[in-house]
Amino acid sequence: MLRSDRAPMDPFTPIIPREMPPIAGAPKSGVLALAHTVGADEVSALVPHANNIVILSWIDLAASRHGDLAGASRAALAQSGRMWFVARHEVDYLGEAFVGDQVAIATWIEELGRTSLIRATHIVRVADGKTLVRAKSRWALVDLATRRPAPIDPTVRAALAPY
């Protein structure tokens with residue numbers, strides 16, 4: 001897809017913590033939040049609200065960006081022969097997002113195990129503060145050669161521990 005000079009290259013921008021809308025259940029620290037405006041290409045054809053697959057892609061993107069901040073970028077992990085794999089997604093769709101709606105996609109670590117973690121993600125419509133999506137995902141760190149769980153590196157663990 002061609003982009004004009006005026007269109008931002010990355011439509012997901014980090015939200016400064018002090019500017020984050022209230023998100024029920026979020027811890028006081030360790031939250032990554034991204035601001036996004038729902039685009040016309042992100043809604044379903046027959047019911048013009050944000051498509052469920054698009055919402056899953058937002059959850060994945062937020063997880064990836066959060067991992068980047070913790071020193072566990074997907075590129076670095078792949079180079080070391082490891083990768084995060086989703087073991088489970090639980091998604092509660094509580095409301096709809098429409099073209100032009102500004103949303104905050106917030107994620108944080110709820111539980112950090114030896115080889116896996118549980119990540120919460122909430123999507124909130126900024127205009128009214130309504131929680132549209134609540135998700136919990138279990139991510140397992142996997143050794144790509146053996147396809148077996150791998151221990152989370154101590155450096156990454158330390159970066160994630162405050163979360």
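In what follows, every heavy atom counts, from backbone to side chain, and hydrogens, waters and symmetry copies are set aside.
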Asker: Under 4.5 Å between side-chain heavy atoms, counting indirect links through other Ile/Leu/Val/Met/Phe/Trp/Tyr residues: same cluster for Leu117 and Val86 or not?
Answerer: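 Yes, same cluster.
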
Asker: Where is the tightest heavy-atom contact between Leu160 and Ala70, given as atom of each residue plus distance?
Answerer: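 Where Leu160 meets Ala70 most closely, the heavy atoms are CD2-CB, 3.5 Å.
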
Asker: Could you list the residues that satisfy ring-ring contact (aromatic ring centres under 6.0 Å, His included) with His36, not counting sequence neighbours?
Answerer: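 Applying ring-ring contact (aromatic ring centres under 6.0 Å, His included) to His36 gives Phe12, Trp58.
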
Asker: So, the side chain of Ser57 versus the backbone of Val54: is there a donor-acceptor pair under 3.5 Å, distance only?
Answerer: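 Indeed, once roles are kept as given, a pair shorter than 3.5 Å links the two residues.
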
Asker: Tell me the ring pair (Phe, Tyr, Trp, His ring centres under 6.0 Å) pairs involving residues 116-146, sequence neighbours left out?
Answerer: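 Only Trp108-His122 qualify under ring pair (Phe, Tyr, Trp, His ring centres under 6.0 Å).
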
Asker: Can you spot which of Ile55, Ile23, Val91, Leu34 makes a side chain to side chain contact (heavy atoms under 4.5 Å, CB included) with Ile123?
Answerer: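 Running side chain to side chain contact (heavy atoms under 4.5 Å, CB included) over Ile55, Ile23, Val91, Leu34 with Ile123 returns exactly one hit, Ile55.
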
Asker: Could you tell me whether the side chain of His66 and the main chain of Gly30 form a donor-acceptor pair under 3.5 Å?
Answerer: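 Yes, because the side chain of His66 sits within donor-acceptor range (under 3.5 Å) of the backbone of Gly30.
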
Asker: State, with a plain yes or no, whether a side-chain heavy atom of Pro17 is found less than 4.5 Å away from one of Val31.
Answerer: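 Heavy-atom side-chain distance check fails, nothing below 4.5 Å.
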
Asker: With sequence neighbours excluded, tell me which residues meet side chain to side chain donor-acceptor pair (under 3.5 Å) with Glu96.
Answerer: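 Side chain to side chain donor-acceptor pair (under 3.5 Å) list for Glu96, sorted by chain: His49.
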
Asker: Looking at CD1 of Ile16 and OG1 of Thr13, how far apart are the two atoms once the value is rounded to the nearest 0.5 Å?
Answerer: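 Spacing of CD1 (Ile16) from OG1 (Thr13) equals 9.5 Å.
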
Asker: Please report the shortest heavy-atom distance between Pro151 and Leu141, naming the atom on each side.
Answerer: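 That closest heavy-atom pairing would be O-CD2, 3.5 Å.
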
Asker: Closest heavy-atom contact between Asp153 and Thr155?
Answerer: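 Minimum heavy-atom separation between Asp153 and Thr155: OD1-N, 2.8 Å.
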
Asker: Mind checking whether Val103 and Tyr93 sit in one hydrophobic cluster, side chains of I, L, V, M, F, W, Y counted as touching below 4.5 Å?
Answerer: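 Looking at the clustering, Tyr93 is in the same group as Val103.
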
Asker: In chain order, what residues pass the side chain to side chain donor-acceptor pair (under 3.5 Å) check against Ser80, with sequence neighbours excluded?
Answerer: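 In terms of side chain to side chain donor-acceptor pair (under 3.5 Å), with neighbours along the sequence ignored, Ser80 is linked to Arg82.
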
Asker: Would Asp101 and Lys130 count as a salt bridge (Lys or Arg N to Asp or Glu O under 4.0 Å) here? Give the steps.
Answerer: CA-CA 12 Å; Asp101 280 353; Lys130 179 172 178 48; over 6 Å; no

Asker: Less than 4.5 Å apart, side chain to side chain, heavy atoms only: is that true for Trp84 and Leu77?
Answerer: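 Touching, per the 4.5 Å side-chain cut-off.
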
Asker: Tell me whether Thr107 contacts the main-chain N or O of Ala120 through its side chain, where contact means a donor paired with an acceptor under 3.5 Å.
Answerer: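 Yes, the answer is positive, given that a donor and an acceptor are paired below the 3.5 Å cut-off.
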
Asker: Test Lys136 against every option in Glu111, Glu110, Glu90, His89 by the side chain to side chain donor-acceptor pair (under 3.5 Å) rule and name the one that passes.
Answerer: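 It is Glu110; the other options fail the test.
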
Asker: Without swapping roles, check the side chain of Arg157 against the backbone of Gly113 for a donor-acceptor pair under 3.5 Å.
Answerer: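 Yes, Arg157 side chain to Gly113 backbone: donor-acceptor pair under 3.5 Å.
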
Asker: Can you list everything that forms a side chain to side chain donor-acceptor pair (under 3.5 Å) with Asn52? Sequence neighbours excluded, please.
Answerer: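 By the side chain to side chain donor-acceptor pair (under 3.5 Å) rule, Asn52 matches no residue at all.
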
Asker: Taking C-beta and beyond as the side chain, do Leu132 and Leu94 meet within less than 4.5 Å on heavy atoms?
Answerer: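 Sidechains of Leu94 and Leu132: no contact.
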
Asker: Please report the shortest heavy-atom distance between Ser73 and Ala76, naming the atom on each side.
Answerer: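 For Ser73 versus Ala76, the nearest heavy atoms are OG-N, 3.1 Å.
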
Asker: Could you measure the distance from the OG1 atom of Thr121 to the CD1 atom of Ile105? Nearest 0.5 Å is fine.
Answerer: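 Reported to 0.5 Å precision, the distance equals 9.0 Å.
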
Asker: Hey, what do you get for CG (Leu56) to CG (Leu61), rounding to the nearest 0.5 Å?
Answerer: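 Going from the CG atom of Leu56 to the CG atom of Leu61 covers 12.5 Å.
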
Asker: Rounded to the nearest 0.5 Å, what's the gap from CZ on Arg138 to CD1 on Ile118? Could you check?
Answerer: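 Here the interatomic distance stands at 4.0 Å.
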
Asker: Measure the spacing between CD1 of Ile59 and OG of Ser137 and express it to the nearest 0.5 Å.
Answerer: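 Between Ile59 CD1 and Ser137 OG, I get 6.0 Å after rounding to 0.5 Å.
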
Asker: Is the backbone N or O of Val133 less than 3.5 Å from a side-chain atom of Thr131, with the two atoms forming a donor-acceptor pair by type?
Answerer: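 Here the side-chain-to-backbone pair does not exist.
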
Asker: Decide yes or no for Gln102 and Arg125: does some side-chain heavy atom of the first lie under 4.5 Å from some side-chain heavy atom of the second?
Answerer: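 Gln102 vs Arg125: side chains apart.
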
Asker: Quick check against the 3.5 Å criterion: does Arg65 have a side-chain atom that pairs as donor or acceptor with the backbone of Pro14?
Answerer: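 Looks like no, no N/O pair under 3.5 Å.
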
Asker: What's the spacing between Asn51 CG and Ile53 CD1 if we round to 0.5 Å?
Answerer: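 The CD1 atom of Ile53 is 6.0 Å from CG of Asn51, to the nearest 0.5 Å.
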
Asker: Restricting to side chain to side chain donor-acceptor pair (under 3.5 Å), what partner residues turn up for Gln79, sequence neighbours left out?
Answerer: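 With sequence neighbours excluded, Gln79 shows a side chain to side chain donor-acceptor pair (under 3.5 Å) to no residue whatsoever.
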
Asker: Without swapping roles, check the side chain of Glu42 against the backbone of Gly39 for a donor-acceptor pair under 3.5 Å.
Answerer: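 Side chain of Glu42 to backbone of Gly39: a pair is present.
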
